[in-house]
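To start, the structure under review is shown below, and the notes come after it.
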2 protein chains.
Amino acid sequence: MTLLDTVVMRGLGLHGALSPEDKALLLGLELNPKRVSAGEVLWQEAADVDLFCVVKEGWAYSYRNLGNGSMQILKVYLPGDIIGMRDFGFSRRLAGVAMINDGVVSPFTYQQLFDLFGHSPALASCLIATTVRQQAMLTERLVYLGRYAAHERLAHFLYELYLRLQRIGAIEDNGFAMPLSQEQIGDALGLSAVHVSRTFSMLRDEGLVQRDRQHVALPDPDALARLVEFNDTYIDESLPPAFQAFQKLER
Amino acid sequence: MTLLDTVVMRGLGLHGALSPEDKALLLGLELNPKRVSAGEVLWQEAADVDLFCVVKEGWAYSYRNLGNGSMQILKVYLPGDIIGMRDFGFSRRLAGVAMINDGVVSPFTYQQLFDLFGHSPALASCLIATTVRQQAMLTERLVYLGRYAAHERLAHFLYELYLRLQRIGAIEDNGFAMPLSQEQIGDALGLSAVHVSRTFSMLRDEGLVQRDRQHVALPDPDALARLVEFNDTYIDESLPPAFQAFQKLER
DNA sequence: GGGTGTCTATAACATAAGTTATGAATAACT
DNA sequence: AGTTATTCATAACTTATGTTATAGACACCC
């Protein structure tokens with residue numbers, strides 16, 4: 001899973017018409033793949049910001065450990081995502097990042113990013129757009145944490161994962177591997193592990209979600225989407241016309 | 001209140017050494033000031049993304065109206081802030097924006113932003129860093145919504161406003177004008193208006209917050225900061241060394 | 001292969017926050 | 001100035017979610 005597969009192929013980027021230099025720049029971010037194992041911490045909160053990562057295999061999450069002993073998971077990263085852009089422009093990490101299961105990541109440096117920015121404004125604006133989209137997902141979770149009940153939060157979380165996994169071809173028969181424990185899901189949704197379990201049972205009884213250990217199936221994704229009134233604006237990946245014009249101009 | 005006052009003077013940007021062209025580009029975003037009145041909607045959710053705004057006077061907020069009838073306020077904008085960058089790279093607005101009180105805003109276009117990006121990568125990276133910082137504030141609220149109780153959320157919210165207002169010289173005797181109603185504060189913190197009132201009473205009884213209509217005073221800001229274990233990493237405005245090196249290089 | 005730990009389901013109970021209601025204080029309007 | 005509409009404080013009651021506890025299922029390890 002390379003950035004070319006995600007950033008570009010998804011309609012972001014230049015609609016299949018990346019210049020060779022742009023392709024090289026993008027691939028240059030993925031030259032140092034590194035095997036990482038489940039639970040491994042890629043960096044801690046408040047660590048120096050030195051590099052970013054492309055997730056090539058496996059899932060990761062960013063988190064904050066809080067003074068009251070609890071943890072808030074901010075975001076789950078899937079293959080093809082870039083980790084760490086949240087910290088762009090900061091000296092220290094705002095959140096830690098850890099692997100959920102075994103995987104492969106490709107670290108790249110600030111320097112590489114700046115090189116890319118300097119050489120291809122079009123590609124830079126693409127990467128920024130990707131980052132903004134990731135933030136939009138966070139905003140969507142904020143909305144759910146603020147104003148929706150547990151079953152809606154969980155349904156939304158699962159449906160969002162479903163859409164993101166679909167995009168990278170990781171959905172089979174409406175089901176997917178789910179390496180997060182209920183405790184971790186609770187940490188993402190601001191719920192206790194017990195209540196996550198209760199809520200899963202509830203969604204199961206309503207026929208909306210089937211779960212067996214590390215496997216989740218959504219028998220009727222559309223029904224789930226209706227339940228959470230899924231707003232897909234933020235997951236839509238087309239760029240606005242002004243943006244495309246700019247990118248053409250730059251080449 | 002211009003961007004030069006905020007983006008640049010705050011240590012973001014080139015440490016007082018902006019080139020004349022960069023200054024002109026920045027000021028170019030503020031050529032069309034426009035008077036707006038309390039409650040005025042700058043744009044609705046899902047509207048086309050055509051422009052962004054610098055807030056010159058007054059407060060604004062971005063919001064989402066939800067299917068269940070409630071509203072989630074995402075962010076409060078103060079003078080010197082840029083509104084709308086959240087939507088950069090999207091065709092449609094992810095959130096509406098409305099004025100809280102009377103004020104003045106300066107709209108600028110996608111085109112202007114791209115011009116700036118094309119002409120000054122250094123300034124572009126500054127604007128991006130500013131946007132990322134705004135997003136970091138959102139993330140901080142996400143953490144509070146997920147894992148802290150009402151009194152901590154409110155204390156944190158007030159203290160963050162306090163710090164931001166201090167930066168633009170809007171704090172007097174540890175107090176500031178607070179045009180938000182308790183209902184709106186509730187919409188920002190994911191609480192009912194009634195509970196916001198209760199929580200204000202509680203903080204008042206503990207001597208942490210004084211409030212009189214549209215005026216809030218924090219008699220002991222440090223005590224408040226301790227209560228919320230305020231993490232000021234995300235409000236710190238210095239740029240990392242790599243960033244500064246890049247900016248020097250670009251000039 | 002039996003012990004050990006982690007994950008999950010469910011129950012019983014505790015509590016923070018939501019809801020509804022009411023009156024007082026303030027602001028807005030004519 | 002009097003009327004009306006917001007906003008706020010507080011109380012009484014309800015409910016969703018947290019907490020603690022327990023037991024079964026599965027994974028891991030020597």
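Chain letters run A, B, ... following the sequence lines, proteins first and then strands; every chain starts at 1.
Near-neighbour residues of DNA chain D inside residues 171-185 of chain B, defined by a heavy atom below 4.0 Å, number-ordered: B:Ser181, B:Gln182. Only B:Ala149, B:Ala150, listed by number, bring a heavy atom of residues 143-160 of chain B to less than 4.0 angstrom from any atom of DNA chain C. Proximity of residues 210-221 of chain B to DNA chain C (heavy atom under 4.0 angstrom from any strand atom) is restricted to B:Arg213.
Residues satisfying the salt bridge (charged side-chain N to carboxylate O under 4.0 Å, His left out) test with A:Arg64, not counting sequence neighbours, are A:Glu45, B:Glu140. Checked against side-chain contact (heavy atoms from CB on, under 4.5 Å), A:Ala188 has the following partners two or more places apart in sequence or in another chain: A:Ile73, A:Arg141, A:Phe157. Partners of B:Ala170 under the side-chain contact (heavy atoms from CB on, under 4.5 Å) rule, at least two apart in sequence or in another chain, are B:Leu165, B:Ile168. For B:Val36, the side-chain contact (heavy atoms from CB on, under 4.5 Å) criterion is met by B:Lys34, B:Glu40, B:Leu42, B:Met99, B:Val105, not counting sequence neighbours.
Among the atoms of the strands shown, none is found under 4.0 Å from any heavy atom of A:Gly186.
Each end of the helix from C:dG1-D:dC30 to C:dT30-D:dA1 yields a helix axis from five base pairs, and these two axes differ in direction by 50° (to the nearest 10 degrees).
Every pair passing salt bridge (charged side-chain N to carboxylate O under 4.0 Å, His left out) that includes a residue from residues 144-155 of chain A is listed here, sequence neighbours excluded: A:Arg147-B:Asp187. The list of side-chain hydrogen bond (donor to acceptor under 3.5 Å, both in side chains) pairs with a residue in residues 207-226 of chain A, not counting sequence neighbours, is empty.
The two residues A:Leu154 and A:Leu189 have their closest heavy-atom pair at CA-CD1, 3.6 Å.
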Practice task
Evaluate the criterion ring-ring contact (aromatic ring centres under 6.0 Å, His included) for residue pair A:Phe230 and A:His156; output intermediate values, then yes/no.
Solution key: CA-CA 7 Å; A:Phe230 203 88; A:His156 182 268; 5.0 Å; yes

Polar atoms only, N or O, under 3.5 Å: list the protein pairs with nucleotides 10-12 of chain C and their distances.
unit_1, atom_1, unit_2, atom_2, d
C:dT10, OP2, A:Ser201, OG, 3.0
C:dA12, N6, A:Arg198, NH1, 3.4

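Salt-bridge check for A:Asp81 with A:Arg164: passed, with a basic side-chain N closer than 4.0 Å to an acidic carboxylate O.
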Scan the side chains in residues 47-62 of chain A for donor-acceptor partners under 3.5 Å anywhere in the protein, sequence neighbours excluded, and list what turns up.
unit_1, atom_1, unit_2, atom_2, d
A:Lys56, NZ, A:Glu30, OE1, 2.9
A:Ser62, OG, A:Lys75, N, 3.4
A:Ser62, OG, A:Arg86, NH2, 3.3

